[in-house]
Peer 1: 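Below you'll find the structure I mean.
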Amino acid sequence: MSPAPVIIAIDGRSGAGKTTLAIELATQLRAHHKVALFHLEDIYPGWDGLAAGVDRYVSTVLEPLSRGDAATWTSWDWQSHDDGEARVTLPAEIVIVEGVGSAAAAARPLLSAVIWADSPEEVRRTRALDRDGGTYEPYWDQWAAQEEEWLRADDVPRHADIRVLNRADGSAPADVLQLLPYLPALATALSPELAARRGLSIRAERLGLRPDVATLFNTLYGGSPNAVWLDSSNTAGATATRAHEAGSAAAERSRFSIMADDGGLSGQSVTHRSGESLIRAGCATATVEGSFFRWLDTVWGEATVRTPDGYPFEFTLGWVGCLGYELKRETGGSDLSAPTPDAALIFAGRAVVLDHAEGTAWLLALDVPDADQWLNDARTATEAASGPAAQAAVAAQVGGSNGVVLPNAPAFRSRDTAAAYKDKIAAAQHEISEGNTYEVCLTTSLTARVPTAELDQWRTYLALRRKNPAPFASYLRFGSLTVASTSPERFLKIASDGGMRAEPIKGTRRRASYPAEDAQLRSDLEASLKDRAENIMIVDLLRNDLSHFAVPGSVTVSRLCAIESYATVHQMVSTIDAQLRHGSSRAEAVAACFPAGSMTGAPKISTMAILDRLEGDGRGLYSGAVGYFSLNGATDLAVAIRTLVMREEGDGTAELTLGIGGAITADSDADEEYEEIRTKAFGVLSTLGAEFPDA
């Protein structure tokens, strides 16, 4: 008797390419494992024997193999239409069983993983008949009817761990193999496959070019369904600051931009909702149950690549995207839902990184077979985007100096009227007076619906970044979901060497056209005792959050209540630093700080519960985070504020959502707090030609 093997079933209708997929997958797995194959077509008792064949398979093949015993079974002789000889299938480290019904209900308790293969009906019929010739053709309809009857009673695709659209182009085995190690039941057995990924190296090219970043992104990724641009759009500030205030926080935050999609042999994406992650690699999609941060811990944290020589940045390829506020369910908050994903990330196996301070572009690609072609294409695109014609082309896209990009200004409505929001401020202050919280970061949302045909998400973002440049600006596209952010606030940075940094913003004033008035507004913010109190309370909260995984005594406040000015607002910013304890889980360290304390209040968990009651709805991506999780263990995440979320509804319309809010303390004035949210909304609304909704 051998140890119980890992058993993987590849199921699907006839002609879905299961046999070829099983053989090729077994071939690749044999690089590290002993693999056995079993084909159900050898055991079906005739052309009307699907149900009986499944029964035979479960009792005589699957049950003994699942115990680690040899399976002795009776084959079917398709020439004589009768039982054939007895055969034996020996257990192995991994057993792949394939055929219609291999993952039937009676089989599933004995399986480690289920793969469902599918193809369009016309492709399936052609593929099956080409394989089996004329012997199958007279029985196609008879067999297909059995398949449909079985699937009506047993929805196998719904129970599949991985679903693959098998186009017969040879991509399915590699795509499936990328996803199999993510399944918890296979993670230990397939650890050699994961280890092989960690041994990949990065190919890097440095180009002494300063391309127009919008042109470059549109050239490389304009047609990609999933693409990200972490856009340090405050680049003018970065270069000026470098000359006059070298080493400042503003220069550090604004130096680099990243652009990538999930294309290529290494590309993947993940979408997480309410405890379930959908991970996609090419034509395959895996479903993994469990918390997002636990999954993140399995794919990120250890340094798995070496930083290229001379490369000055922490991002060395990896996962890039956004986390929604509702992930708080995993960090002490209650379980609410939102129409947007709780997390959406792509795995960038190749990317362009722009160093705005040095005026260079870096092309990064994992050293896999398609790296050469991509590097050539990216180099050509970067050179083309570095000429003067590129800047003129982008300026024409923006829509003029006022940046208005929609033919009709969207009519936003607020979740709360002015009176309702002020009532919630009063309720928050009551909670403070009762000693249930010290500070409540109350939010609301503005929504509008526009015809999809009138909405150009790309031009909308270009206008936003022109109107309100920010160090953590970003443009994220995940199919029908687009995120356009002009965030100035860092949530959390963990460097590859374990250095941690949070930079909360609390305290806002609008910018004024006249220098004297603008200077007065800045001075007013700097001298405001109320704003300083708000900021310091969040600093204390983040000191505590960082301390959970920090070296004792390493938590310091290097900057307290500093004033930074952006295109539309002045902000009060502090900086908290710490050193991650050696051996600590980086994903857990992120979770310990999530969501950003500047978006909850203090103490965090009890205040989140108060916010749930007051706000009465999920925040979605607003108040979450945007950034990267790099293959060298580094991460840099911004708070998702000043962020427009655009979601196509599928009915010819798109919903625009803008979250806004502010910190409420015992000293807050309701009128001033309401004016603050209007100020924060101005940069986005004015770009769209929209007004803050009437009270």
Peer 1: Give a yes or no on whether a salt bridge exists between D636 and R253, defined as a side-chain N under 4.0 angstrom from a carboxylate O.
Peer 2: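 No salt bridge links D636 with R253.
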Peer 1: Would you mind telling me which of E489, E534, E439, K506 makes a side-chain hydrogen bond (donor to acceptor under 3.5 Å, both in side chains) with S598?
Peer 2: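 Testing S598 for a side-chain hydrogen bond (donor to acceptor under 3.5 Å, both in side chains) against E489, E534, E439, K506 leaves exactly one candidate, E489.
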Peer 1: Which heavy atom of S274 sits nearest a heavy atom of D342, and at what distance?
Peer 2: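 Taking every non-hydrogen atom into account, N-OD2, 2.7 Å.
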Peer 1: For the residue pair G662 and K680, what are the closest heavy atoms and their distance?
Peer 2: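 Nearest pair, atom of G662 first, then K680: CA-NZ, 3.8 Å.
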Peer 1: Can you label the angle between the Y461 ring and the W229 ring as parallel, tilted or perpendicular, going by 30° and 60°?
Peer 2: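 Correct class here is perpendicular.
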Peer 1: For salt bridge (charged side-chain N to carboxylate O under 4.0 Å, His left out), just list the numbers for K424 and E673, CA-CA rounded to whole Å, side-chain angles, deciding distance to a tenth of an Å, and then say yes or no.
Peer 2: CA-CA 11 Å; K424 291 181 179 181; E673 294 294 343; over 6 Å; no
Peer 1: Evaluate the criterion side chain to side chain contact (heavy atoms under 4.5 Å, CB included) for residue pair L442 and Y421; output intermediate values, then yes/no.
Peer 2: CA-CA 9 Å; L442 182 66; Y421 191 75; 3.7 Å; yes
Peer 1: For residues 546-556, please give each side-chain donor-acceptor pair under 3.5 Å, one per line with the distance, not counting sequence neighbours.
Peer 2:
from : atom 1 : to   : atom 2 : distance (Å)
S547 : OG     : N544 : O      : 2.6
S554 : OG     : V551 : O      : 2.7
S554 : OG     : Q579 : N      : 3.1

Peer 1: Using a strict 4.0 Å threshold on nitrogen-to-oxygen distance, state whether R501 and D577 make a salt bridge.
Peer 2: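 Yes, charged N to carboxylate O under 4.0 Å.
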Peer 1: At their closest point, which heavy atom of D518 faces which heavy atom of A512, and how far apart are they?
Peer 2: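 Heavy atoms only, the tightest pair is OD1-N, 3.0 Å.
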Peer 1: Mind checking whether S257 and S232 have side chains closer than 4.5 Å, heavy atoms only?
Peer 2: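 They are in side-chain contact.
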Peer 1: Any salt bridge linking E588 with R586? Criterion: basic side-chain nitrogen under 4.0 Å from a carboxylate oxygen.
Peer 2: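 Judged by the 4.0 Å cut-off on N to carboxylate O distance, E588 and R586 do not form a salt bridge.
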Peer 1: Of the options I279, V299, L296, which is the one that meets V270 in a side-chain contact (heavy atoms from CB on, under 4.5 Å)?
Peer 2: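 Exactly one pass, corresponding to I279.
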Peer 1: Do the side chains of S668 and Q429 get nearer than 4.5 Å, heavy atoms only?
Peer 2: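 Yes, at least one pair of side-chain atoms sits under 4.5 Å.
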Peer 1: How about R510 and T568: does a side-chain donor come under 3.5 Å of a side-chain acceptor?
Peer 2: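 No donor-acceptor contact under 3.5 Å links the two side chains.
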Peer 1: Tell me whether D416 is salt-bridged to K422, with the criterion being a basic N under 4.0 Å from an acidic carboxylate O.
Peer 2: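 No.
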Peer 1: Considering non-hydrogen atoms only, spot the tightest contact between L336 and E326 and give its length.
Peer 2: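 So the two residues come closest at O-CG, 3.2 Å.
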Peer 1: Looking only at side-chain N and O atoms, does T653 offer a donor or acceptor that is under 3.5 Å from a partner on D651?
Peer 2: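 The answer is yes; a qualifying pair exists.
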Peer 1: Under 4.0 Å between a side-chain nitrogen and a carboxylate oxygen: does that hold for E564 and R559?
Peer 2: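 R559 and E564: salt-bridged.
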Peer 1: Please tell me whether S558 and T575 have a donor and an acceptor in their side chains that are separated by less than 3.5 angstrom.
Peer 2: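 No pair is found: no donor N or O on one side chain lies under 3.5 Å from an acceptor on the other.
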Peer 1: Below 4.5 Å, heavy atoms only, C-beta onward: do F478 and T271 meet side chain to side chain?
Peer 2: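 When only atoms from C-beta onward are counted, T271 and F478 do not touch, as no gap falls below 4.5 Å.
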Peer 1: Hey, does the side chain of S686 reach the backbone of F682 with a donor-acceptor pair shorter than 3.5 angstrom?
Peer 2: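 Here the side-chain-to-backbone pair exists.
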Peer 1: Side chains of V288 and E276: closer than 4.5 Å at any heavy-atom pair?
Peer 2: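 They are not in contact (no side-chain heavy atoms under 4.5 Å apart), so the answer is no.
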Peer 1: Any side-chain donor paired with an acceptor under 3.5 Å for D231 and S474?
Peer 2: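 There is no such pair (donor and acceptor under 3.5 Å, judged by atom type) between the side chains of D231 and S474.
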Peer 1: May I ask you to decide if G507's main-chain N or O and K530's side chain share a donor-acceptor pair within less than 3.5 Å?
Peer 2: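 Here the side-chain-to-backbone pair does not exist.
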Peer 1: Are the side chains of Y325 and M608 in contact, using a 4.5 Å heavy-atom criterion?
Peer 2: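 Of all side-chain heavy-atom pairs linking Y325 with M608, at least one is under 4.5 Å.
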Peer 1: Is there a donor-acceptor pair closer than 3.5 Å between any side-chain N or O of T607 and the backbone N or O of P603?
Peer 2: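 Yes, T607 side chain to P603 backbone: donor-acceptor pair under 3.5 Å.
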Peer 1: Donor-acceptor pair, T452 side chain versus G652 backbone, under 3.5 Å?
Peer 2: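 Present.
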Peer 1: Answer yes or no: is there a side-chain heavy-atom contact under 4.5 Å between H430 and N436?
Peer 2: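 Contact flag for H430/N436 side chains = no.
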Peer 1: Is the number of heavy atoms from other residues, nucleotides or ligands under 6.0 Å of R678 CZ greater than 12?
Peer 2: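 Result for CZ/R678: enclosed.
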Peer 1: Donor-acceptor pair, distance only, cut-off 3.5 Å: does the side chain of D531 make one with the backbone of M572?
Peer 2: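 No; zero donor-acceptor contacts below 3.5 Å.
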Peer 1: Whether K328 engages the ring of F594 as a cation-pi pair (distance to the six-membered ring centre under 6.0 angstrom, angle to the ring normal within 45°) should be assessed.
Peer 2: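 No cation-pi geometry.
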Peer 1: Describe, in one word, how the ring planes of W458 and F217 are oriented to each other, choosing from parallel (under 30°), tilted (30 to 60°) and perpendicular (over 60°).
Peer 2: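 The arrangement is parallel - the two ring planes meet at less than 30°.
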Peer 1: Would you find more than 12 non-hydrogen atoms of other residues, nucleotides or ligands less than 6.0 Å from F256 atom CZ?
Peer 2: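 Result for CZ/F256: enclosed.
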Peer 1: Distance check, rounded to the nearest 0.5 Å: T665 atom OG1 versus M537 atom CE?
Peer 2: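 Reported value, rounded in 0.5 Å steps: 5.5 Å.
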Peer 1: How many angstroms lie between OG in S574 and CD1 in I576, if you round to the nearest 0.5 Å?
Peer 2: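 One finds 6.0 Å between OG of S574 and CD1 of I576.
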Peer 1: With distance as the sole test, does D545 use its side chain to make a donor-acceptor pair with the main-chain N or O of G597 at under 3.5 Å?
Peer 2: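 No; zero donor-acceptor contacts below 3.5 Å.
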Peer 1: L464 and T486: which non-hydrogen atoms are nearest, and at how many Å?
Peer 2: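 Minimum heavy-atom separation between L464 and T486: O-CG2, 3.9 Å.
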Peer 1: Would you check if Y674 and T679 make a side-chain contact, meaning some heavy-atom pair closer than 4.5 Å?
Peer 2: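 Contact flag for Y674/T679 side chains = no.
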Peer 1: In terms of side-chain heavy atoms, does E615 have a donor or acceptor partner in T444 at a distance below 3.5 Å?
Peer 2: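 No, no side-chain donor-acceptor contact under 3.5 Å.
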Peer 1: Give the C-alpha distance, both sets of side-chain angles, the deciding distance and a yes or no for salt bridge (charged side-chain N to carboxylate O under 4.0 Å, His left out) between R522 and E517.
Peer 2: CA-CA 9 Å; R522 179 185 171 105; E517 182 185 2; over 6 Å; no
Peer 1: With a cut-off of 6.0 Å (strictly less than), are more than 12 heavy atoms of other residues, nucleotides or ligands near CD of E691?
Peer 2: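 No, the 6.0 Å shell around CD holds no more than 12 heavy atoms from other groups.
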Peer 1: For Y438, is the OH atom crowded, meaning more than 12 foreign heavy atoms sit under 6.0 Å from it?
Peer 2: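 12 or below, so no.
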Peer 1: First locate atom CG of L656, then atom CD of Q457, and finally report the distance between them rounded to the nearest 0.5 Å.
Peer 2: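 Output value for this atom pair is 8.5 Å.
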Peer 1: Using a strict threshold of under 4.0 Å (side-chain N to carboxylate O), is an ion pair present between R294 and E330?
Peer 2: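 No salt bridge links E330 with R294.
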Peer 1: Apply the test side chain to side chain contact (heavy atoms under 4.5 Å, CB included) to residues L541 and T600: give CA-CA distance (whole Å), side-chain angles for both, the deciding distance (0.1 Å), then the verdict.
Peer 2: CA-CA 10 Å; L541 170 61; T600 62; 4.1 Å; yes
Peer 1: Could you tell me which non-hydrogen atom of S254 sits nearest to which non-hydrogen atom of P471, and how far apart they are?
Peer 2: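 Reported closest heavy-atom pair: OG-CB, 3.3 Å.
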Peer 1: With no hydrogens and no angle check, just 3.5 Å: does a side-chain donor-acceptor pair link E314 and S496?
Peer 2: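 E314 vs S496: donor-acceptor pair found between side chains.
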Peer 1: Indicate yes or no: at least one non-hydrogen side-chain atom of L560 is less than 4.5 angstrom from one of V539.
Peer 2: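 Of all side-chain heavy-atom pairs linking V539 with L560, at least one is under 4.5 Å.
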Peer 1: Would you say the side chains of Q571 and T508 form a donor-acceptor pair under 3.5 Å?
Peer 2: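 Yes - a donor-acceptor pair under 3.5 Å links their side chains.
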Peer 1: For the side chain of W319 and the backbone of S630, is there at least one donor-acceptor N/O pair under 3.5 Å apart?
Peer 2: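 Side chain of W319 to backbone of S630, a donor-acceptor pair under 3.5 Å: no, none is there.
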Peer 1: How long is the straight-line distance from CZ of R449 back to CD of E655, given to the nearest 0.5 Å?
Peer 2: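 With rounding to 0.5 Å, CD (E655) is 5.0 Å from CZ (R449).
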Peer 1: Rounded to the nearest 0.5 Å, what separates atom SG in C322 from atom OH in Y622?
Peer 2: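 Separation between the atoms: 15.5 Å.
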Peer 1: Got a second to check how far T643's OG1 is from I660's CD1, nearest 0.5 Å?
Peer 2: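 With rounding to 0.5 Å, OG1 (T643) is 12.5 Å from CD1 (I660).
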Peer 1: Walk me through it: do E676 and D671 pass the test side chain to side chain contact (heavy atoms under 4.5 Å, CB included)?
Peer 2: CA-CA 9 Å; E676 181 174 323; D671 291 334; over 6 Å; no
Peer 1: Decide whether R619 and T443 meet the rule of one side-chain donor and one side-chain acceptor closer than 3.5 Å.
Peer 2: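 Present: a donor and an acceptor within the cut-off.
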Peer 1: For the pair R490 (side chain) and V639 (backbone), establish whether a donor and an acceptor sit closer than 3.5 Å, ignoring hydrogens and angles.
Peer 2: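 The answer is no, because no donor-acceptor pair under 3.5 Å joins these two groups.
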